[in-house]
Amino acid sequence: MRTHYCGELRPTHGNQEVTLCGWVDRCRDHGGVIFIDLRDRTGTVQVTVDPEGSPQVFAQAEQLRNETVLRINGHLRLRPEDSINPKLATGAVEVLATGLTVLNSIKGTLPFGVSVHDEEPVREELRLRHRYLDLRRQRMQRNVALRHLVMQTARRFLDGQGFLEVETPMLTRSTPEGARDYLVPSRVCGGEWFALPQSPQLFKQLLMVGGLERYYQLARCFRDEDLRADRQPEFTQLDLEMSFLSQEQILTINELLVAHIWQNVLGVKLPLPFPRLSWREAMDRYGTDRPDTRYGLELTDVSDLVADLKFKVFSQAVARGGVVKCLALPQGNEQLSNVRIKPGGDVFAEATGAGAGGLAYIRVRDGGVLDTIGAIKDSLSPERAQALLQRCGAQPGTLLLFGAGDGAMVNKALDRVRQFLARELQLIPANTWNFLWVVDFPLLAWNRDEQRLEALHHPFCAPHPADIHDLGKARAQAYDLVLNGLEVAGGSLRIHNAALQQQVLEVMGFSPQEARRQFGFLMDALDMGAPPHGGIAYGLDRLVMLLAGEDSIRDTIAFPKTQQARCPLAAAPAPVEPSQLKELHVASTWVQANQEEPNDGAATT
RNA sequence: GGGACCGUAGUUCAACCGGUUAGAGCACCGCCCUGUCACGGCGGAAGUUGCGGGUUCGAAUCCCGUCGGUCCCGCCA
């Protein structure tokens, strides 16, 4: 149907007859001569329709509208010297049309412009409703191609490293822990349900027991939770699992994989190895397990220095088992007014929004003089003040912001303040890729709502051998890959011993019977020669989002869902026939919630 | 489950503190134009201001509800 792609035509193609297919990006009708910018995936090229050629072609060209689908037969020639367009890759050539076939025309008005010149923002719901049009636009073409390149690069690299690509079931078993499942009723097995996988976790472990040694998959995962800009109900993981490798070896392979992707996609050479930071240190220094290390503003624990102060906000926080931590902002005195850090201010609101009671501060003036509220100033001896400034690395001009109270809350609040200030004060350097491994996560964490220990990552992470005597406080052999403050991958070495797995499940509150019922198949497998193994999973959508410089993973997915988990294009989800439900042995309890009872005005107060 | 913001022509936006006939660019339709490339010129059509209710002499504008969208908290190992 075509001999060339539009975007590839160059003067080196010389004088020849070509056939092109594509969409009308834009027309310029001069009455006598008509220029058509013909577009396909590779770009656009100018097609010239001259009245001295075929009158029929000219008559057809006069009727064209944007996005008409065309086949053009023509003669590729150099443009006249003074008509060369240096802004276009194909700007030195044009195709003199000798034949024009309208393969499809446009009915009605297009909901939005598609042309490469038409970069006006369009309401996102409209983009999603007509995603096929949106996909034709430059931005989505670029993102989809970039995603493809990431996937292909990963595949080639992993293939070269001896990984096998294996698919795992989409219809599987609902397991406790983790997110809400998407459920699928079984017609054949009445009353029983499949779940769509939240991840291929158990299957990839079973593949290791199956002796596959190295597995990967671009795996679709499903989680029925509320959405965010970086969360979709179905998303894609680049999922890996390996046998007989140490944690260090696994991290190294992944560093090479990531460096390979960055090299191939962006031409950026990442310095290896990536820095490693223990979870403990990350929490201490940044207040989060995924610190953005593109800028400083580290936190300092000053609990011991303020525990005995008369200033009760500090001393009581420590007395109650909490902490007092400080965020030192160099030149903060100039950069932040009191209005912003006192009640009503935006910085104050960041702290209290995360649960902090307030945001104490000290301004360090010339000569180390402290400028702060009286209650703090009065309770600090000169020696103690000196020690405080020294520990926080404060210089004249520094603004010290304090969080006091429960350790988790203080970390959360100061983490938010830290990120907020970095953005507000533009401390984040552009074009910086700060990768970081956070290692030695806690195995378990206390869930206050459910009054029990639960897995921080998932129940199959192997505890640190040194900590095995006290699983409640054990570190896990788990690791997250953090990029510019976002988690892009997470993994661990797995438990490959059934007894230990049973033990971990018991600490999490599973009775032996319940553990057996839910995870018996895994523990049976572990008992039949499971090799030591471990792996990792990347959030592919998020990775592509970062590489593409987008703010939402929806722009990296061909057909994403809205925040209400709807698909405006296919109008899904949608009601089904009652007969379908009956066949599945399912009845809906859904009732329209907006029908209130008739309001009896006399009864109200 | 909660908070915030948004919804005006096909589309992107405007319309001040509630006040004449709700405007403009692009797209669309018609006419003109032989070297443009975001072509240009002249003219035209296009609106239940998401939907429902309320306040008011008067509502795109204020209030309530509702639907849809976005961001965030909770939630998401």
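In what follows, chains are A, B, ... by sequence order, proteins preceding strands, each numbered from 1. Reckoned from all heavy atoms, side chains included, excluding hydrogens, waters and symmetry mates. All values derive from a computational prediction rather than experimental measurement.
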So, does the side chain of A:Q564 form a donor-acceptor pair with the base of B:G69 at under 3.5 Å? no
Under a 3.5 Å limit on both distances, the Watson-Crick or wobble mate of B:G23 is B:C13
Does the B:G68 base have a donor-acceptor partner in the side chain of A:R129 within less than 3.5 Å? no
Holding to side chain to side chain contact (heavy atoms under 4.5 Å, CB included), I want the full list of residues that pass it with A:N73, two or more places apart in sequence or in another chain. A:T19, A:T98
Can you check whether A:F460 and A:F519 have ring centres sitting under 6.0 Å from each other? yes
Would you tell me if any nitrogen or oxygen in the side chain of A:R228 comes within less than 4.0 Å of OP1 or OP2 on B:C73? yes
For B:U36, what is the paired nucleotide under Watson-Crick or G-U wobble rules, both distances under 3.5 Å? none
Using the 3.5 Å cut-off, write out each protein N or O paired with an N or O of nucleotides 5-12 of chain B and the distance between them.
{"unit_1": "B:G10", "atom_1": "O2'", "unit_2": "A:L110", "atom_2": "O", "d": "3.3"}
{"unit_1": "B:G10", "atom_1": "O2'", "unit_2": "A:P111", "atom_2": "O", "d": "3.4"}
{"unit_1": "B:U11", "atom_1": "O4'", "unit_2": "A:P111", "atom_2": "O", "d": "3.2"}
{"unit_1": "B:U12", "atom_1": "OP1", "unit_2": "A:R123", "atom_2": "N", "d": "2.6"}
{"unit_1": "B:U12", "atom_1": "O4'", "unit_2": "A:E120", "atom_2": "OE1", "d": "3.4"}

Donor-acceptor pair (no angle test) under 3.5 Å: A:R231 side chain, B:C75 base: yes
Complementary nucleotide for B:G74 - Watson-Crick or wobble, under 3.5 Å: none
Using a cut-off of under 3.5 Å, enumerate the N/O to N/O pairs linking the protein to nucleotides 37-40 of chain B.
{"unit_1": "B:C37", "atom_1": "O4'", "unit_2": "A:R28", "atom_2": "NE", "d": "3.1"}
{"unit_1": "B:C37", "atom_1": "O2", "unit_2": "A:Q46", "atom_2": "OE1", "d": "3.4"}
{"unit_1": "B:C37", "atom_1": "O2", "unit_2": "A:N85", "atom_2": "ND2", "d": "3.4"}
{"unit_1": "B:C37", "atom_1": "N3", "unit_2": "A:R79", "atom_2": "NH1", "d": "2.5"}
{"unit_1": "B:C37", "atom_1": "N4", "unit_2": "A:R79", "atom_2": "NH1", "d": "3.3"}
{"unit_1": "B:C37", "atom_1": "N4", "unit_2": "A:S83", "atom_2": "O", "d": "2.4"}
{"unit_1": "B:A38", "atom_1": "O3'", "unit_2": "A:R26", "atom_2": "NH1", "d": "3.1"}
{"unit_1": "B:C39", "atom_1": "OP2", "unit_2": "A:R28", "atom_2": "NH1", "d": "2.9"}
{"unit_1": "B:C39", "atom_1": "N4", "unit_2": "A:D29", "atom_2": "O", "d": "2.5"}

Give none if B:C31 has no partner; otherwise give the nucleotide forming a Watson-Crick or G-U wobble pair with it, both distances under 3.5 Å. B:G41
